[in-house]
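As the structure is a computational prediction, the values presented were derived from the model and not from experiment. The residues of the chain are indexed from 1 along the displayed sequence.
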Amino acid sequence: MMKFEAWATSENRKPLVVQGARQVGKTWLIKEFGNSHYRQVAYISFMDDENMKSVFDGSLAPSRLLEAISIATNCDAGSPDVLVVLDEVQECPRALTSLKMFCEQRPEVPLIAAGSLLGVALHQGAPYPVGKVDYLDMYPMTFVEFLLATGESGLARLVESCDFELMAGFSEKLTSALRHYYFVGGMPEAVAAFGKGANFDAARIVQLRLLRDYEHDFSKYASPELTEKIRLVWRSAPSQLARENKKFIYSAVRSGARARGYEEAIQWLVDAGLLLKVSRITKPGLPLLGYEDKDAFKLYLLDVGLLGAASSLDKSTLIEGSGLFTEFKGALTENYVCQALYATRVIRPYYWSADKSTGEVDFVYDFKNTIVPVEVKAEENLKAKSLRSFVESNCLNCGVRLSLSGYREQSWMVNIPLYSANALPEKAYKIMVSQTQANPTR
């Protein structure tokens with residue numbers, strides 16, 4: 001909600017484009033924001049409003065469009081205290097084009113455009129008002145938001161505070177809540193189904209339906225040939241994450257598969273927000289983008305709960321910690337951390353692996369001209385040989401290890417509890433600055 005409030009009060013406000021995968025809560029949050037901050041919300045959905053689509057086929061003069069929106073919604077669209085919402089805007093490309101006109105001619109009108117497959121639509125050549133809009137990407141609910149939604153507001157405040165000393169007294173409760181989050185994930189409908197009564201079965205029913213809905217979208221928005229490739233990549237992603245070496249392998253999608261045949265399918269899933277792509281870097285130089293190895297990458301699912309559902313992970317396996325979970329916990333934990341990094345909206349994660357050895361660092365990102373390597377441990381394992389070697393051989397300030405162990409600092413590393421992954425990147429940056437001051441020779 002804070003991101004919407006910052007946009008609404010900005011002096012240089014432009015129409016806001018909200019992107020995110022289907023069912024991450026875009027429409028609900030936009031309406032909630034509109035109802036609490038504006039006199040009225042003039043809401044249009046192009047998914048099922050053919051009349052409004054035809055309106056945008058004509059002149060895109062803002063005065064004409066606002067008049068039509070006012071009639072359709074019975075609201076005073078055009079008034080500064082009425083929020084105009086154009087939802088599922090990827091279904092009406094000319095509505096996207098109109099945002100340029102609104103920015104230039106009616107900047108006082110608060111306007112939000114949202115879409116589930118905007119990234120796909122734009123890569124298919126839909127005209128876009130470059131430089132005339134603001135952006136907001138939405139992701140599934142974070143662990144803190146999950147705690148709030150399930151009635152654990154005290155734990156949520158504790159995690160947000162990064163009071164690691166106090167947190168140590170609640171580590172067992174936080175670890176249990178984190179395992180619940182691994183199963184339920186952050187898709188709002190699944191979280192609501194789980195509720196305060198911890199109904200795992202109800203959450204799983206929602207997750208399985210969402211997975212089916214996503215596959216239906218493949219055929220709706222892609223050609224038959226591309227649809228089949230998208231489906232194969234999508235279904236192979238969980239099993240590829242379960243491997244010790246999580247680098248994406250084309251031949252694991254289909255025997256004999258090559259990059260040329262599946263790159264478009266992967267890009268479709270990334271553009272749709274269903275997969276999170278983490279590329280390899282060859283060395284930790286600034287900016288990391290300049291050292292990206294485009295041929296090596298990992299693909300994580302948008303939501304850790306959906307990863308478990310797609311992998312048929314049983315609730316008892318996860319909650320009780322059986323042998324199967326022991327084998328799969330690394331994939332779930334890395335997916336959780338990847339989600340948390342993406343949800344910051346200010347960093348892009350990469351990973352590093354050695355050319356001629358087994359050394360690997362799970363995630364690497366740059367923030368405020370500082371390179372931060374992150375090692376992810378699913379439980380209390382404190383060994384981080386690759387992280388230490390990476391930090392010392394590249395003369396970095398220090399690294400971050402995320403594990404179920406408590407907070408601790410060493411000259412080359414700081415250990416942060418897994419349930420405090422939200423401490424990245426701000427808290428980690430402050431710690432690394434203090435580490436530099438304490439170890440000026442590094």
Does NZ or CZ of K31 lie under 6.0 Å from the centre of the six-membered ring of Y43, at an angle within 45° of the ring axis?
yes
Set of residues satisfying side-chain hydrogen bond (donor to acceptor under 3.5 Å, both in side chains) with respect to E152, sequence neighbours excluded:
none
Can you name the side-chain hydrogen bond (donor to acceptor under 3.5 Å, both in side chains) partners of K132, sequence neighbours left out?
E104
Enter the distance from [X]:[atom1] to [Y]:[atom2] here, rounded to the nearest 0.5 Å.
X    : Y    : atom1 : atom2 : value
L341 : F367 : CG    : CZ    : 12.0 Å
T27  : M138 : OG1   : CE    : 9.0 Å
L158 : M167 : CG    : CE    : 4.5 Å
K247 : L241 : NZ    : CG    : 14.5 Å
L306 : Q339 : CG    : CD    : 8.5 Å
T175 : L404 : OG1   : CG    : 5.0 Å

Regarding N397 and T370, do their side chains bring together a donor and an acceptor under 3.5 Å, going by distance alone?
no
Under 3.5 Å, is there a donor-acceptor pair linking the side chains of D314 and S316?
yes
Please answer whether the main-chain N or O of [Y] pairs with a side-chain N or O of [X] as donor and acceptor at a distance below 3.5 Å.
X    : Y    : answer
S311 : G308 : no
R204 : L313 : yes
S161 : D163 : yes
N35  : V41  : no
Q240 : I249 : yes
S389 : S386 : no
Y336 : L418 : yes
D271 : L117 : no

For S116, the option from E91, K26, Q90 that meets side-chain hydrogen bond (donor to acceptor under 3.5 Å, both in side chains)
K26
Would you call [X] and [Y] a salt bridge, using N to O less than 4.0 angstrom?
X    : Y    : answer
E215 : R212 : no
E165 : R408 : no
R22  : D217 : yes
K229 : E264 : no
K298 : E360 : yes
K315 : D201 : yes
E5   : K3   : no

Quick check: are there more than 12 heavy atoms from other residues, nucleotides or ligands sitting under 6.0 Å from [atom1] of [X]?
X    : atom1 : answer
N369 : CG    : no
R231 : CZ    : yes
R258 : CZ    : no

Are [X] and [Y] close enough that some pair of their side-chain heavy atoms sits under 4.5 Å apart?
X    : Y    : answer
R388 : V391 : no
L301 : W234 : yes
N422 : T142 : no
L226 : S223 : yes
L302 : P140 : yes
P107 : R13  : no
I266 : F297 : yes
V414 : Y407 : yes

Please test V337 against D362 for side-chain contact (heavy atoms from CB on, under 4.5 Å), starting from the C-alpha separation and ending with a verdict.
CA-CA 10 Å; V337 172; D362 298 316; over 6 Å; no
Could you check Y300 against E334 for side-chain hydrogen bond (donor to acceptor under 3.5 Å, both in side chains), going step by step and ending with a plain yes or no?
CA-CA 8 Å; Y300 295 90; E334 281 192 35; 2.6 Å; yes
Assess the pair [X] and [Y]: is the distance between their ring centroids shorter than 6.0 Å?
X    : Y    : result
H180 : F200 : yes
Y181 : F183 : no
F363 : W352 : no

According to salt bridge (Lys or Arg N to Asp or Glu O under 4.0 Å), does anything in residues 281-297 pair up with another residue at least two apart or in another chain? List the pairs.
R280-D293, E292-K294, E292-R348
From CA spacing to verdict: ring-ring contact (aromatic ring centres under 6.0 Å, His included), Y350, Y291
CA-CA 10 Å; Y350 298 85; Y291 299 89; over 10 Å; no
So, for [X] and [Y], which heavy atoms are closest and what is the spacing to 0.1 Å?
X    : Y    : result
Q207 : G185 : NE2-N, 4.4 Å
N335 : D303 : ND2-C, 3.9 Å
A343 : Y139 : CA-CD1, 3.8 Å
V89  : A95  : CG2-CB, 3.6 Å
A378 : T333 : CB-OG1, 3.5 Å
P349 : V278 : O-CG1, 3.6 Å

Hey, mind stepping through Y419 and F143 against ring-ring contact (aromatic ring centres under 6.0 Å, His included) and telling me if it holds?
CA-CA 8 Å; Y419 36 77; F143 178 53; 7.3 Å; no
Would you check, one step at a time, whether the test side-chain contact (heavy atoms from CB on, under 4.5 Å) holds for L424 with Y429?
CA-CA 8 Å; L424 307 175; Y429 172 73; over 6 Å; no
Verify side-chain contact (heavy atoms from CB on, under 4.5 Å) between L387 and M413, making sure each step is shown before the conclusion.
CA-CA 8 Å; L387 178 63; M413 178 275 299; 4.0 Å; yes
What verdict does the side-chain contact (heavy atoms from CB on, under 4.5 Å) test give for L29 and F4, after you've listed the backbone C-alpha separation in whole Å, the side-chain angles of each residue and the deciding distance to 0.1 Å?
CA-CA 9 Å; L29 191 58; F4 286 105; 3.5 Å; yes
